[in-house]
2 protein chains.
Amino acid sequence: MQSYLTNHIEKFVELSEADIELIGKVVTVKSVKKKTFLLQADQVCRELYFVSKGCLRLYFINKKLNEQITQFAIENWWMSDHGSLESGKPSSYYIQTVEDSEVISISKAKLEELFEKVPRLERYFRIVQQRAFTASQKRIEYIYSMSDEERYRHFSSLFPDFIQRIPQYMLASYLGFTPQFMSKIRAKKV
Amino acid sequence: MQSYLTNHIEKFVELSEADIELIGKVVTVKSVKKKTFLLQADQVCRELYFVSKGCLRLYFINKKLNEQITQFAIENWWMSDHGSLESGKPSSYYIQTVEDSEVISISKAKLEELFEKVPRLERYFRIVQQRAFTASQKRIEYIYSMSDEERYRHFSSLFPDFIQRIPQYMLASYLGFTPQFMSKIRAKKV
DNA sequence: GGTATTTCTTAATCTTGATTCATTTTTCGG
DNA sequence: CCGAAAAATGAATCAAGATTAAGAAATACC
């Protein structure tokens, strides 16, 4: 039985019917209401989440006790705390739905088993991981080459649809500035 | 014949003698003098570099015409412009040796072939890529949760040996502030 | 449909780190 | 070992964005 997930995987590697069966057996599809936590700080992260519908955010609480968002995941993106996943240590992050969402999850343990049975998945995850890394590097490049205002305008022009989906204060957090500053910028552009 | 590279790979996956042979055939080991460019902006990046000895930096020229370093690679780290590597488009980055170094390089094309012959390497690169991504995410977390001064002190305490190896202005660039500001911080701490 | 909670906006003041420019110290090639 | 270039320091002024403190506008909930 095909799923959003196996569909996505097949954009990168071929899967047999048997592979799809095996994958189907170890993943869990969940409908999750807005503002539900999939991971909370101090818990060990044991799963990877694939968004088939909706939007997740990854954030931590900084020293000033504000939420600092470091990632969003929308349709066809994975989200997890790989640090906690690998080390087995408690996470310092929260993963929460921003909208009512549909999430496909797989435990780290099951995924390891799955790699033995469907080695092609190593390739899929290598490619996905590489893209994530490239995106993350690009983000660091932007942080260091644009002012906050420029970064806001750049992000808005790249993802006009996305910024409609999320509250502005979340975008401000993701871009690393205050909601007040964001209002200021938006007021300018008339 | 074992190399620094196959040694490193074997920390993550098992290799047969035949695998090691195959890998040895497609990589090139080079001794590279300090300040040599392995990649320059406007060139298409076609290779991945593994540092067996020495240190590389990845940087671009920002709007103010300053060098902005986004990554260092020391022993046992890979460096490349994955963006350019994947897209085939010219890079906007420079990769340069910071010290006299020994670099093992493999072309993207050869690596693709190698994945067919030694599928276990997919796993190795998946793991390596995942670590790189985690490190990159961690870096973004630090950028958004510490002031420049805090980040400098944090970095210094984490990598006291490394900061001895590189000029201070390179560290300032990597941390995203000016050499003048770095002097100021260092002068404080007496 | 009205109240409570979230989200967004405005404005004054304050801080961190940039900029500019000059000087000193270190490193390196010949 | 010397001169030139590279790297580090210092101090004065400046700017981007934070902070604080209201209030206004949306949204959600009962």
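Scope of the values below: all heavy atoms of this structure, side chains included, with no hydrogens, waters or symmetry mates. Reminder, nothing fancy here: chain letters follow the sequence lines and each chain counts from 1. Bear in mind that the values here come from a model prediction, so they are computed numbers and not experimental data.
- Spacing between atom CZ of B/Arg151 and atom C1' of C/dT16 amounts to 12 Å, rounded to whole angstrom units.
- Judged by a 6.0 Å distance limit and a 45° cone about the ring axis, B/Arg126 is positioned over the six-membered ring of A/Phe115.
- Ring-centre distance between B/Tyr142 and B/Phe155: not below the 6.0 Å cut-off.
- Counting non-hydrogen atoms under 4.0 angstrom, A/Ser147 reaches the backbone sugars and phosphates but no base.
- There is no path of hydrophobic side-chain contacts, each under 4.5 Å, that joins A/Val44 to A/Leu111.
- Atom pair A/Tyr144:OH and C/dG17:P shows a separation of 12 Å (rounding to whole Å applied).
- At whole-Å resolution of the value, NZ in A/Lys184 and C1' in C/dA12 are 10 Å apart.
- The ring pair (Phe, Tyr, Trp, His ring centres under 6.0 Å) check on B/Phe12 picks up B/His8, B/Tyr124, with sequence neighbours excluded.
- Note on A/Arg186: every side-chain N or O is 4.0 Å or more away from OP1 and OP2 of C/dC8.
- Between B/Phe177 atom CZ and C/dA18 atom P there is a gap of 8 Å when expressed in whole angstrom units.
- Other members of the cluster containing A/Tyr49 are A/Val32, A/Leu38, A/Leu39, A/Val51, A/Leu56, A/Leu58, A/Phe60, A/Met79, A/Tyr93, A/Ile95, A/Val103, with ILVMFWY side chains joined at under 4.5 Å, either directly or via other members.
- By the ring pair (Phe, Tyr, Trp, His ring centres under 6.0 Å) test, A/Trp78 is found to be paired with A/Phe50, A/Phe125, residues two or more places apart in sequence or in another chain being considered.
- Nucleotide C/dA18 holds its P atom 12 Å from the CG atom of B/Asn62, rounded to whole Å.
- Here the C1' atom of nucleotide C/dA18 and the NZ atom of B/Lys63 are 15 Å apart, to the nearest Å.
- With sequence neighbours excluded, the residues that form a ring pair (Phe, Tyr, Trp, His ring centres under 6.0 Å) with B/Tyr94 are B/Phe37, B/Tyr59.
- Regarding contacts with the backbone of C/dC28, a side-chain N or O of B/Lys34 is found under 4.0 angstrom from either OP1 or OP2.
- Residue B/Gln96 is tested with B/Gln40, B/Glu67, B/Lys34, B/Arg57 for a side-chain hydrogen bond (donor to acceptor under 3.5 Å, both in side chains); the sole match is B/Arg57.
- A heavy atom closer than 4.0 Å to some atom of DNA chain C occurs in A/Pro167, A/Gln168, A/Tyr169, these being the qualifying members of residues 161-169 of chain A.
- Going from atom CD1 of A/Ile185 over to atom P of C/dT10 covers 13 Å, rounded to whole Å.
- Between chain A and DNA chain D, the heavy-atom contact criterion of under 4.0 Å yields a 5' to 3' nucleotide range of D/dG17 to D/dA21.
- Nearer to the 5' terminus of DNA chain D, by closest-nucleotide assignment, is the contact made by A/Met146 (compared with the other of A/Met146 and A/Gln180).
- Annotation: the span from B/Leu15 atom CG to B/Glu10 atom CD amounts to 4.5 Å, rounded to 0.5 Å.
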